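Note: hydrogens, waters and symmetry copies are ignored here, and every other heavy atom, side chains too, is used. Computed from a predicted structure; not experimentally measured.
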Protein chains: 2
Amino acid sequence: MAPANAAVKIPLEAPVVEKRVRNRAATEQAILDAAKRLLAEEGFQNFGINAVARGAGCDKQLIYRYYGGLNGLVEAIGTDLGSWVTDRIPDDTGGMFLLTYGDLMERLSMLFLDALRADPLMRRIVAWEISENSEQVRRLSEARSKALAGWIERMRGSLVPPKGVDAQAVNAMIFAAIQHIVLAAAVSDQCAGLVLKNGKDWEKAATALKRIVRGVYG
Amino acid sequence: MAPANAAVKIPLEAPVVEKRVRNRAATEQAILDAAKRLLAEEGFQNFGINAVARGAGCDKQLIYRYYGGLNGLVEAIGTDLGSWVTDRIPDDTGGMFLLTYGDLMERLSMLFLDALRADPLMRRIVAWEISENSEQVRRLSEARSKALAGWIERMRGSLVPPKGVDAQAVNAMIFAAIQHIVLAAAVSDQCAGLVLKNGKDWEKAATALKRIVRGVYG
DNA sequence: CTTGCTACTCACCGACCGGTGACAGATTGG
DNA sequence: CCAATCTGTCACCGGTCGGTGAGTAGCAAG
């Protein structure tokens with residue numbers, strides 16, 4: 001509604017809402033940020049055009065114009081995602097010398113576990129991946145797995161898995177375990193009866209994970 | 001409104017739609033079946049009063065009357081779920097003698113893997129569990145985990161895990177891995193780069209899983 | 001100042017959502 | 001026979017959704 005005293009042009013009390021500057025780049029960034037924030041905090045369930053526009057404080061029309069709708073916006077998130085691994089997971093070996101494939105996988109497991117625990121957006125995306133198979137989520141999924149595979153390849157160096165072990169299948173199991181346990185814990189602080197609240201609980205989980213890795217790879 | 005031609009009582013052309021019999025028990029069952037079918041086939045995303053009523057071929061009002069709304073209906077599903085484990089997973093040892101804890105866990109892993117692969121409803125519920133933390137899903141989750149824990153306890157018999165291994169944590173990891181890999185495969189036929197389409201692919205996954213179990217428990 | 005472009009907002013659409021109150025027809029008990 | 005009850009249907013509510021067409025405010029060039 002227009003103020004009753006429209007004749008008065010001077011903003012008597014400073015209009016608390018700071019004026020939106022006309023700046024396309026900034027607006028695009030605000031939309032993207034809002035989308036990521038919303039997805040990370042609320043999950044994919046209520047992720048939609050209206051909610052993003054509300055979160056970005058602009059009209060949803062701009063999302064259509066700048067990103068071509070929600071699909072394009074999700075794609076933009078996926079592009080951003082490419083830098084996730086390189087941003088959040090160290091690329092070096094933490095000063096350790098990885099002598100064996102077992103050393104490598106143990107370290108990768110720990111790094112991935114911690115990184116996923118620390119990143120709500122990534123968790124939501126993983127949950128999304130296993131709940132739906134739309135075009136949107138496929139794009140995200142692809143970007144994520146590609147980045148992850150590249151990271152692993154980089155870390156692997158020249159180490160090779162021991163003979164007689166289907167490393168790809170085993171590693172898929174290990175990463176699956178990590179993803180599921182982190183997601184379950186994020187939602188309900190437990191997984192399969194195992195409580196996962198404080199750091200001590202997570203220590204136990206990490207130990208179990210290392211034991212599994214070492215059990216297979218020595 | 002009363003029909004204008006209320007005097008005409010005879011349905012001239014045979015009413016193709018077969019008359020719904022007035023039968024509360026049958027209707028309740030139809031609603032419950034529709035809910036389970038809908039959840040299994042469409043997932044929790046579009047699971048709602050309207051959709052269930054449509055699927056059951058009755059008015060949504062009846063869901064409110066008979067189940068007290070969607071919450072009550074979900075609770076009824078949860079109750080049904082209690083019999084899931086006992087229905088779908090064999091309680092005996094398949095003619096094998098489980099001599100060691102490793103034998104036991106290997107067998108449990110295989111049974112759980114196959115059972116989950118074969119049950120879309122259960123998969124959807126697991127996906128729901130890690131995507132949301134509403135009251136509804138908590139009830140389902142509780143029913144499921146309780147039934148599962150009971151089954152494991154029953155199968156365990158007097159076997160005890162080896163000393164020095166945090167069996168609870170390790171087993172949580174193993175079950176987490178199974179759940180995640182099955183869910184991922186159900187949606188996209190792969191998990192962490194491992195293709196999971198045909199039986200041969202699953203054989204590899206099962207072998208990897210067994211190797212993990214044996215690596216920990218011998 | 002006018003013209004034209006860009007950034008942005010607004011009002012509105014049809015569709016579907018969960019939820020509710022009123023009502024119709026069959027069944028049952030007095 | 002009437003009245004109460006049970007089973008089921010229907011119309012309607014406010015709200016939110018994704019999507020669109022029209023209009024407004026800032027700004028720069030001529």
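Atom pair B/Arg65:CZ and C/dA24:P shows a separation of 15 Å (rounding to whole Å applied). Rounded to an integer number of Å, the gap from A/Tyr67 OH to D/dG19 P is 17 Å. Atom CZ in A/Arg24 sits roughly 11 Å away from atom C1' in C/dC8 (whole-Å rounding). Distance, A/Ile63 CD1 to D/dC17 C1': 13 Å, rounded to whole Å. The CG atom of A/Leu62 sits 15 Å away from the P atom of C/dT6 (whole-angstrom rounding). With rounding to whole Å, A/Tyr66 atom OH is found 18 Å from D/dG19 atom P.
The side chain of A/Thr27 places no N or O atom within less than 4.0 Å of a non-bridging phosphate oxygen (OP1 or OP2) of C/dA7. Distances shorter than 4.0 Å separate none of the side-chain N or O atoms of B/Arg22 from OP1 or OP2 on D/dG8.
Here the shortest heavy-atom pairing between B/Ser131 and A/Ser131 reads OG-OG, 3.3 Å. When every heavy atom of A/Tyr67 is checked against every heavy atom of A/Glu28, the shortest pair comes out as OH-O, 2.8 Å. Taking both residues in full, the closest heavy atoms of B/Asp201 and B/Val195 are given as CB-O, 3.4 Å, listed atom of the first, atom of the second, then distance.
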Show me the side-chain donor-acceptor pairs of residues 169-194 of chain A shorter than 3.5 Å, one per line, residues at least two apart or across chains.
{"residue": "A/Asn171", "atom": "OD1", "partner": "A/Tyr217", "partner atom": "OH", "Å": "2.7"}
{"residue": "A/Asn171", "atom": "ND2", "partner": "A/Tyr101", "partner atom": "OH", "Å": "3.1"}
{"residue": "A/Asn171", "atom": "ND2", "partner": "A/Ala167", "partner atom": "O", "Å": "3.2"}
{"residue": "A/Gln179", "atom": "OE1", "partner": "B/His180", "partner atom": "NE2", "Å": "3.1"}
{"residue": "A/His180", "atom": "NE2", "partner": "B/Gln179", "partner atom": "OE1", "Å": "3.1"}
{"residue": "A/Ser188", "atom": "OG", "partner": "A/Ala184", "partner atom": "O", "Å": "3.1"}
{"residue": "A/Ser188", "atom": "OG", "partner": "A/Gln190", "partner atom": "O", "Å": "3.3"}

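The side chain to side chain donor-acceptor pair (under 3.5 Å) check on A/Asn133 picks up A/Arg138, with sequence neighbours excluded.
Under a 4.0 Å N-O distance rule, the pair B/Arg156/B/Glu153 qualifies as a salt bridge.
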Legend entry - Sugar-phosphate or base contact per nucleotide [nucleotides 14-21 of chain C; S, B, -; heavy atom under 4.0 Å]: ---SBBBB
